[in-house]
Amino acid sequence: MTYHPKSDFLRVMIERGFLADCTDYQGLDEACAKGVVPGYIGFDATAPSLHVGSLIQIMMLRWLQKTGGKPIVLMGGGTTKVGDPSFRAEERPLLTPAQIDENIAGIKQVFSAYVGFGEGPADAIMVNNAEWLDGLKYLDFLRDIGRYFSVNRMLSFESVKSRLDREQSLSFLEFNYMILQAYDFLELNRRYGCLLQMGGSDQWGNIVNGIDLTRRVLDREIYGLTSPLLTTSDGRKMGKSQSGAVWLNAAMLSPYEFWQFWRNTTDADVGRFLKLYTELPVAECDRLGALAGSEINAAKVRLANEVTALLHGPEAAAAAEATARAVFEKGGVGDDLPTVTLSAAEIGEGIANTALFVRAGLAPSGKEAKRLFAEGGARINDEIVTEPRLMTLAEIAAGLKLTAGKKRHALVQVG
């Protein structure tokens with residue numbers, strides 16, 4: 001990236017590695033340097049929480065506000081009813097309006113940790129696209145908006161083309177998603193003066209459609225900016241761990257487990273993740289990322305502390321680090337480990353040790369738990385377990401610490 005920006009926002013996006021592409025670098029840069037730029041990112045409500053894969057977008061909204069812009073958090077109450085087909089092999093399961101509202105309520109909890117909401121010119125706002133999508137009249141919408149879209153062009157977008165090239169079905173419902181997302185940008189510009197849409201690079205086609213539509217209907221200049229689609233250095237999709245999705249809501253993933261995810265970052269990713277997910281100066285991120293040997297572990301702890309403090313608060317980060325130290329350095333139990341509480345009725349005459357690993361989220365299935373046992377990767381109270389067997393009520397009542405591999409732990413107790 002050779003463009004040298006005048007605005008703080010674009011400078012941060014480039015220096016910290018957020019920028020994959022922009023529809024008009026100079027135009028956006030001048031708008032940001034001139035005054036408050038309202039910018040939005042849309043989040044569909046497909047689950048009760050966002051996961052780590054969305055954190056790069058949330059951090060972009062945070063930096064937009066920190067550099068003088070106005071973040072608009074768009075909740076996809078309307079578009080979730082359709083489902084984004086971008087680079088998916090199959091249609092998303094359709095959710096009921098009640099499920100969507102419940103998911104939005106869960107997702108809302110996260111954003112106040114990252115952006116400041118209010119009534120001021122640069123204060124963040126949260127809006128729901130159901131406000132304008134739910135009441136659309138089909139024929140009016142086709143006549144007023146649909147006429148601006150070329151099916152030939154829509155078929156040429158990579159997100160659609162890749163699905164068709166693999167001869168996988170693309171429903172007409174899903175095909176409409178890009179029109180609805182384009183309409184979101186038009187409405188946000190009309191209602192809130194929104195000048196910028198951001199998203200992952202898989203959203204490029206949808207963003208360009210929104211810019212074209214707004215130019216044609218309102219004759220206004222607006223901009224799009226995308227971030228790279230992140231994978232870890234070992235090729236895994238960002239947001240997934242061995243035990244499943246890394247959720248942002250504490251009710252779905254404890255702050256300790258969240259902290260542990262970042263502590264387990266691969267050496268090669270430390271510097272890059274520090275730039276993207278913390279606010280440490282770029283030079284410090286580079287210095288920490290260049291450490292080697294045992295020193296890189298201190299950089300990983302710093303990464304875990306910084307990211308956890310942003311989301312869950314400094315106290316939660318400190319508690320997670322203390323628990324990790326107790327578990328790893330002293331062989332202790334720690335107060336903050338994920339805990340599974342079983343009733344005496346659930347245990348009955350005994351419960352399989354494999355089932356305990358599944359209940360604790362340390363193995364996705366009983367079959368995987370048995371494989372973990374066979375490979376010598378499972379411990380109960382720091383003793384290696386190699387065979388499935390029933391655990392008695394008395395054994396569990398005394399308290400169990402389960403360990404998978406070297407770094408994942410959980411407690412089991414009777415309550």
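FYI, side chains are in, hydrogens and waters are out, and symmetry mates aren't considered; it's all heavy atoms of this structure.
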Validation row: Met198, Ser227 side chains within 4.5 angstrom (heavy atoms):
no
Check: Pro314 main-chain N/O paired with Asn305 side-chain donor or acceptor under 3.5 Å:
no
Take Leu136 and Tyr183, measure what side-chain contact (heavy atoms from CB on, under 4.5 Å) needs, and give me the verdict at the end.
CA-CA 11 Å; Leu136 286 178; Tyr183 187 66; 3.9 Å; yes
Walk me through it: do Glu368 and Ser365 pass the test side-chain hydrogen bond (donor to acceptor under 3.5 Å, both in side chains)?
CA-CA 5 Å; Glu368 288 299 318; Ser365 66; 4.9 Å; no
Could you walk me through whether Asn189 and Thr214 satisfy the side-chain hydrogen bond (donor to acceptor under 3.5 Å, both in side chains) test, starting with their C-alpha distance in whole Å, then the side-chain angles of each, then the deciding distance to 0.1 Å, before giving a yes or no?
CA-CA 8 Å; Asn189 179 267; Thr214 306; 5.9 Å; no
Under 3.5 Å: donor-acceptor pair, side chain of Asp29, backbone of Ser7:
yes
Around atom CD of Gln413, are there more than 12 heavy atoms from other residues, nucleotides or ligands closer than 6.0 Å?
yes
As an exercise, state the distance from NZ of Lys370 to CD of Glu375, rounded to the nearest 0.5 Å.
14.5 Å
Using a strict threshold of under 4.0 Å (side-chain N to carboxylate O), is an ion pair present between Glu321 and Arg325?
yes
Just distance, no hydrogens or angles: give the donor-acceptor pairs under 3.5 Å from side chains in residues 116-126, sequence neighbours left out.
residue : atom : partner : partner atom : Å
Asp123  : OD2  : Glu119  : N            : 3.3
Asp123  : OD2  : Gly120  : N            : 2.7

Determine the minimum heavy-atom distance between Leu402 and Leu356, stating which atoms define it.
CD1-O, 3.6 Å
Mind checking salt bridge (charged side-chain N to carboxylate O under 4.0 Å, His left out) for Asp24 and listing every partner two or more places apart, or none if nothing turns up?
none
Would the distance check show the side chain of Asn206 and the main-chain N or O of Gln181 forming a donor-acceptor pair, the cut-off being under 3.5 Å?
no
Of the non-hydrogen atoms in Ile72 and Val127, which two are nearest, and what is the gap between them?
CG2-CG2, 4.0 Å
What side-chain hydrogen bond (donor to acceptor under 3.5 Å, both in side chains) pairs are there with at least one residue in residues 288-298, not counting sequence neighbours?
none
Do Trp259 and Val307 make a side-chain contact, defined as non-hydrogen atoms from C-beta onward lying under 4.5 Å apart?
no
Donor-acceptor pair, distance only, cut-off 3.5 Å: does the side chain of Arg263 make one with the backbone of Val301?
no
Name all residues meeting the side-chain hydrogen bond (donor to acceptor under 3.5 Å, both in side chains) criterion together with Glu306; count only those two or more places apart in sequence or in a different chain, and write none if there are none.
Arg302
Heavy-atom side-chain proximity of Leu280 to Leu288 below 4.5 angstrom
yes
Can you name the side-chain hydrogen bond (donor to acceptor under 3.5 Å, both in side chains) partners of Arg190, sequence neighbours left out?
Glu187
Keeping the roles fixed (side chain from Asp269, backbone from Thr265), state whether a donor-acceptor pair exists under 3.5 Å.
no
Residue set satisfying side-chain hydrogen bond (donor to acceptor under 3.5 Å, both in side chains) with Asp21, at least two apart, ordered chain then number -> none
Can you find a heavy atom in the side chain of Ile41 that is under 4.5 Å from one in the side chain of Leu74?
no
Suppose we screen for ring-ring contact (aromatic ring centres under 6.0 Å, His included). Which residues come up paired with Tyr40, at least two apart in sequence or across chains?
Phe185
Please determine if Arg191 and Asp184 form a salt bridge, counting it only when a charged side-chain N lies under 4.0 Å from a carboxylate O.
no
Side-chain contact test, heavy atoms from C-beta onward, threshold under 4.5 Å: evaluate it for Lys81 versus Ile100 and give yes or no.
yes
Less than 4.0 Å between a side-chain N and a carboxylate O, is that true for Arg389 and Glu395?
yes
To check you understand the geometry: which heavy-atom pair defines the closest contact between Cys285 and Thr278, and what is its length?
SG-OG1, 4.3 Å
List for me each residue that meets ring-ring contact (aromatic ring centres under 6.0 Å, His included) alongside Tyr277, sequence neighbours excluded, and say none if there are none.
Trp262, Phe273
Would Arg153 and Asp212 count as a side-chain contact (heavy atoms from CB on, under 4.5 Å) if you check the C-alpha gap in whole Å, the side-chain angles of each, and the deciding distance to 0.1 Å?
CA-CA 12 Å; Arg153 187 157 181 264; Asp212 286 348; 3.1 Å; yes
Under the ring-ring contact (aromatic ring centres under 6.0 Å, His included) test, which residues partner Phe111, sequence neighbours left out?
Phe43
Short N-O contact, Lys300 and Asp267, less than 4.0 angstrom:
yes
For Asn249, enumerate each residue passing the side-chain hydrogen bond (donor to acceptor under 3.5 Å, both in side chains) test, keeping only those at least two apart in sequence or located in another chain.
Ser49, Gln109
Within the 4.5 Å heavy-atom criterion, are Leu10 and Leu225 side-chain neighbours or not?
yes
Do Asn128 side-chain atoms and Gly77 backbone N/O form a donor-acceptor pair below 3.5 Å?
yes
Working to the nearest 0.5 angstrom, can you tell me the gap between Asn209 CG and Gln203 CD?
11.0 Å
Charged N-O contact under 4.0 Å between Asp286 and Lys275
yes
Rounded to the nearest 0.5 Å, what separates atom CG in Asp8 from atom CG in Leu64?
11.5 Å
Nearest heavy-atom pair of Arg220 and Arg215: which atoms, and what distance?
O-CG, 3.3 Å
Does Asn353 form a side-chain contact (heavy atoms from CB on, under 4.5 Å) with Phe373? I'd like the steps, not just the answer.
CA-CA 10 Å; Asn353 53 9; Phe373 288 11; 3.3 Å; yes
Within the 4.5 Å heavy-atom criterion, are Lys401 and Arg379 side-chain neighbours or not?
no
Check: Trp63 main-chain N/O paired with Thr67 side-chain donor or acceptor under 3.5 Å
yes
Looking at residues at least two apart in the chain, or sitting in another chain, which of them share a ring-ring contact (aromatic ring centres under 6.0 Å, His included) with Tyr192?
none
When you compare the side chain of Arg62 with that of Leu310, does any pair of heavy atoms fall below 4.5 Å?
yes
Stepwise side-chain contact (heavy atoms from CB on, under 4.5 Å) check, Ile58 with Leu248:
CA-CA 11 Å; Ile58 296 172; Leu248 300 182; 3.8 Å; yes
Does atom CD of Glu30 have more than 12 heavy-atom neighbours, drawn from other residues, nucleotides or ligands, at distances under 6.0 Å?
yes
Which pairs, with at least one residue in residues 340-350 and sequence neighbours excluded, count as a salt bridge (Lys or Arg N to Asp or Glu O under 4.0 Å)?
Glu346-Arg359
Using modelled atom types and a 3.5 Å cut-off, is there a donor and acceptor pairing between side-chain atoms of Thr80 and backbone atoms of Ala45?
yes
Run the side-chain hydrogen bond (donor to acceptor under 3.5 Å, both in side chains) test on Ser254 and Glu257 for me, step by step, so that the C-alpha distance in whole Å, both residues' side-chain angles and the decisive distance to 0.1 Å come before the verdict.
CA-CA 5 Å; Ser254 73; Glu257 291 171 287; 3.1 Å; yes
What is the minimum heavy-atom distance between Ala324 and Tyr256, and which atoms define it?
N-CE1, 3.9 Å
Can you see which heavy atom on Cys194 is nearest to which on Leu196, and at what distance?
SG-O, 3.4 Å
